[in-house]
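In the text below, chain A, chain B and the rest are named by the order of the sequence lines, each starting its count at 1.
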Amino acid sequence: MKAELRNLVTRALEDMGLEGLPAVQIERARDPRHGDYATNIALVGAKAAGMPARDLARRLVEALPDSPLLAGVEIAGPGFVNFRLAADAYLSLVPRILEAGPAFGTSRLGQGRRVQVEFVSANPTGPLHVGHGRGAAYGATVADLLAAVGFDVHREYYVNDAGRQMDILATSVWLRYLELCGEELAFPSNAYRGDYVWDIAAGLHRDHGDAYRHPAAEVFRGVPADGPEGDKEAHIDALIAHTKTVLGEPRYHFVFELALNTLVDDIRDDLERFGVVYDQWYSERALVESGAVNRAIECLREAGHTYLRAGALWFRSTAFGDEKDRVLVRENGQTTYFASDIAYHLDKLERGFERVIDVWGADHHGYVPRVKAALEALGESPDRLDVLLVQFAVLYRGGEKVQMSTRSGEFVTLRQLRKEVGRDAARFFYVMRKCEQHLDFDLDLARSQSADNPVYYVQYAHARIHSVLAQGAEKGLSLEPSPGTTHLERLVEGHEQALLKDLARYPEVVEAAALDHEPHLLCHYLRELANAFHTYYNAHTFLVEDAALRDARIKLILAVAQVLRNGLGLLGVSAPEHM
RNA sequence: GCCCUCGUAGCUCAGCAGGAUAGAGCAACCGCCUCCUAAGCGGUAGGUCGCAGGUUCGAAUCCUGCCGAGGGCGCCA
């Protein structure tokens, strides 16, 4: 509707022979006395048109083409042009929604352009915790929203299966396994201590007995002291090296793969149960082994953007707006994580995605300029990369902040959260706030089955509508008459008009939420729509004697149910028929 | 020290690319079920939009400075 009005105004301005005016903006009037929509074009364009705003407004109204959409046009205040829509414009929405069904609210705005959304991408060194949950819910919803408005969306998880952290994990598992075999050892302070490490070790012991056992003393011989007295980093690095030599490459590889696959499978399963599914799990190791990292470094070197200093190879990222230069190849010859990330992002662009969206934790924000710098240095436009930073979520239980510590393994996992509040509440709560906003996640509220809980409030509206239909069927009332018997013009009550206006907004909300990457807009909208419905429910009876009126009202609430279902679906939340 | 994000009602937050008297939900107070789920609805009260300047027809919204909160500044990933 907005677009149709914009066309009318633009055509009128063209007919008037006015040029050089700013783009026409149509906005929804906040105050019903100002009609349904308004444009400020006369105010904004007064200077360019060389006449006072109210004069421009008056001439614009005269030049406006006739349209069945409009019931009235007025000039108000300093020069606003207010549009009042014809009753029919809203009523026709109901059959449109019912016909479109799940497709209502979708569009072709994205024109099938390819967009990649990469999110979560947590290191597979442990189960996902509640911090990852927000990125998962947010990334999945942004991806679904973009798909709904016509983009060709590719969802990807970048698996950091190369590098030191994975070696620490494999070593942690093996040391726990040795303990299960009866070896006595001091478990390193820097190793992974979570229960899941014991679980993987126990699986290894169960399936292979003592086949991987070696004396602990052999492994720890000559290893520098652990922290806090010694250097815990040197300690764990030496242990990794010993583990590799004592076990030998093929057997080390086996333990490594066991740990990696167990955790990736666990993460994948966890996300699937959260309603988050990927098109691709992209392996960092595969990227390294393909030579892409070395190729990217070579490209930067040939383009003259690198230099050697203190035995390391540096990328001159300051030339592209970064605060300081960054290391690509360490003194010890190993490439940095940053180097593989450059290769990864280059690879994304080369795969033909027009836009690449990364969802990162806000603690990585300092990382954005250097990745963009690298892309620019490689001759790519950094604007094709959009990094969405998600702030941390803080859990509250009983009014108290839930303390978490990753190091000690004392954190709340995503799985525990799902178990405690359910998938629906978790998905909804995570995206209820703008992503750059700190999120207070109230566990008690999420779990409560009351009006205070926005998820239940919206779901309840949906369930209520189905309950009405069930009641009607029980009473033997005809509820699905042929289209010819509809009498939508009977919807004259204020509550019905308000509900129709809310329904009309849905496509605009989906569009804005998708393009601005702001799913919270949809959360707020659904609450408002549910509120308009509950109000209507309390004010009027739907199952009335008058068949024509009853039919019109049922059609209206069926349309409401459809929009609630579509909106909740985009958020990954179910729309139950009974509660 | 430098950089990023945030600062709106007692609390948690909206406010859509500046627009017409600042909006919700909790919490507080007052009402509404012989009637489709009261997991609901209506009403009252509550804010100099952190502070100070600037930009213009017009600023919670844009710019600058200050104050406050959180986060980031590794040859870690």
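Looking at A:H466, A:H534, A:H578 one by one, the single match for ring pair (Phe, Tyr, Trp, His ring centres under 6.0 Å) with A:Y460 turns out to be A:H534.
The separation between A:F441 atom CZ and B:rC13 atom C1' is 16 Å, rounded to whole Å. For A:E518 and B:rC6, the CD to P distance is 11 Å, given to the nearest whole Å. One atom, NE2 of A:H517, and another, P of B:rC16, lie 17 Å apart when rounded to the nearest Å.
A donor and an acceptor atom sit less than 3.5 Å apart, one in the side chain of A:N82 and one in the base of B:rA20.
For the OP1/OP2 pair of B:rC16 and a distance below 4.0 Å, the side-chain nitrogens and oxygens of A:Y525 include no atom meeting the criterion.
In this structure, A:R84 places its CZ atom where more than 12 heavy-atom neighbours from other residues, nucleotides or ligands lie under 6.0 Å away.
Nucleotide B:rC13 is shown with an anti base, its glycosidic torsion being more than 90° from 0.
Base pairing of B:rG47: no nucleotide in any strand meets the Watson-Crick or G-U wobble criterion (both distances under 3.5 Å). Using Watson-Crick or G-U wobble geometry with both donor-acceptor distances under 3.5 Å, B:rG25 finds its partner in B:rC11.
Among the atoms of the strands shown, only primed sugar atoms or phosphate atoms (P, OP1, OP2) are found under 4.0 Å from some heavy atom of A:A162.
Taking a cutoff of 4.0 Å between a charged side-chain nitrogen and a carboxylate oxygen, A:K232 and A:D237 do not qualify as a salt bridge.
Position along RNA chain B of the nearest nucleotide to A:N160 versus A:K434 favours A:K434 as the more 5'-ward residue.
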